[in-house]
Amino acid sequence: MSTEISDLLERAVPPVTGLVAGVGDEQLPQATPCAAFPVRDLLNHLFQVTRNFRLLAGREQVDWSVTPDAVTGDWRQTFAGDAATMIAAWSDPQVLDGVSPGMGLPQRTLGLMMVVDMVVHGWDLARATGQPYQVDEVLLAPTAEFLDTMGDMGRTMGAFGPEVTVAAGTGRFGRLLARTGRDPLWRPV
């Protein structure tokens, strides 16, 4: 079985899993485009996202207030397993029905949120660690849809920064990044 969301995750997650696998231990303290997150904290956030969104698929309660340190042991392989489990959890069509009891949003909106987290934080991780990152063009429309419906709320809640002004020739993905408060030209110092 699959759903619209699991199909999108099948495109969004493998590049991020590859990026996570490519992070060197010496890169963990480096800055990322997310000013509040050095690489280690960004990785821990990605672990939290994969684990919590797996739970949200089952309409379970999640705790976003604490981000445990998951960058221990064989964390690269653990992330790959967690990400695969998350995709599987969203492959049941019933998962998209109704509203999440824990988040108060339509389940489909939560699914799109997860896709956007993978797409945007994948870019963050790639930029911070100097790895190549190519976003599948299919992911741009759902990313734009999510930002159209939830971007203002995301800014109010602090998930996104103020929109960044970009040059006229900036590509579609760069414009979407700017809507999340990221400078598409960001480079590590």
Side-chain angles (χ1 to χ4, degrees), residues 3-9 11-13 15-16 19 31-38 41-57 59-67 83 86-87 89-90 95-128 133 135-187:
T3 64
E4 168 200 13
I5 298 302
S6 66
D7 290 346
L8 292 171
L9 290 171
R11 294 172 179 268
V13 171
V16 176
L19 291 166
T32 72
C34 290
F37 288 162
D41 292 349
L42 178 59
L43 289 167
N44 280 318
H45 176 69
L46 284 168
F47 270 100
Q48 183 182 42
V49 165
T50 57
R51 291 171 178 171
N52 281 354
F53 275 99
R54 179 188 53 79
L55 295 172
L56 288 168
R59 291 175 170 66
E60 297 179 46
Q61 295 294 320
V62 297
D63 182 4
W64 294 101
S65 66
V66 177
T67 306
M86 176 191 68
I87 294 170
W90 284 85
V95 115
L96 297 179
D97 293 340
V99 173
S100 167
M103 301 280 285
L105 295 170
Q107 285 288 109
R108 181 178 178 276
T109 301
L110 285 181
L112 291 177
M113 182 186 298
M114 183 176 33
V115 170
V116 171
D117 255 356
M118 290 292 137
V119 167
V120 172
H121 288 317
W123 180 83
D124 292 333
L125 189 58
R127 281 297 165 112
Y133 180 59
V135 174
D136 188 320
E137 293 286 322
V138 171
L139 299 170
L140 299 181
T143 298
E145 177 188 341
F146 179 80
L147 292 174
D148 289 346
T149 58
M150 299 297 294
D152 289 339
M153 179 185 284
R155 267 185 284 291
T156 299
M157 296 178 69
F160 302 138
E163 191 165 339
V164 173
T165 303
V166 295
T170 302
R172 185 173 184 198
F173 183 51
R175 292 190 312 272
L176 291 171
L177 288 170
R179 291 179 62 190
T180 70
R182 286 161 175 80
D183 178 356
L185 300 177
W186 187 92
R187 301 268 187 258

Identify every side-chain donor-acceptor pair in residues 115-122 under 3.5 Å, counting partners at least two apart or on other chains, and give the distances.
{"from": "H121", "atom 1": "ND1", "to": "D124", "atom 2": "OD2", "distance (Å)": "2.8"}
{"from": "H121", "atom 1": "NE2", "to": "H45", "atom 2": "NE2", "distance (Å)": "3.3"}

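- At distances below 3.5 Å, not a single donor-acceptor pair connects side-chain atoms of R187 with backbone N or O atoms of R127.
- Under the 3.5 Å distance criterion, the side-chain polar atoms of T32 are matched with a main-chain donor or acceptor of F37.
- Shown here for M86 and V49, the closest heavy-atom pair between the two residues is SD-O, 4.3 Å.
- The shortest non-hydrogen separation linking N52 to D63 is ND2-O, 3.5 Å.
- A pairwise comparison of heavy atoms in W90 and L110 identifies CH2-CB, 4.1 Å as the closest pair.
- A pairwise comparison of heavy atoms in D148 and R179 identifies OD1-NH2, 2.7 Å as the closest pair.
- Panel note: side chain T143, backbone L139; a donor-acceptor pair is recorded below 3.5 Å.
- The side-chain hydrogen bond (donor to acceptor under 3.5 Å, both in side chains) contacts involving residues 104-114 comprise E4-R108, R108-E145, where partners must be two or more places apart or lie in separate chains.
- Between A89 and A57, the closest heavy-atom pair is O-CB, 3.6 Å.
- Residues A36 and D41 come closest through the heavy atom pair O-OD2, 4.1 Å.
- When the ring pair (Phe, Tyr, Trp, His ring centres under 6.0 Å) test is applied to F160, no partner is found at least two apart in sequence or on another chain.
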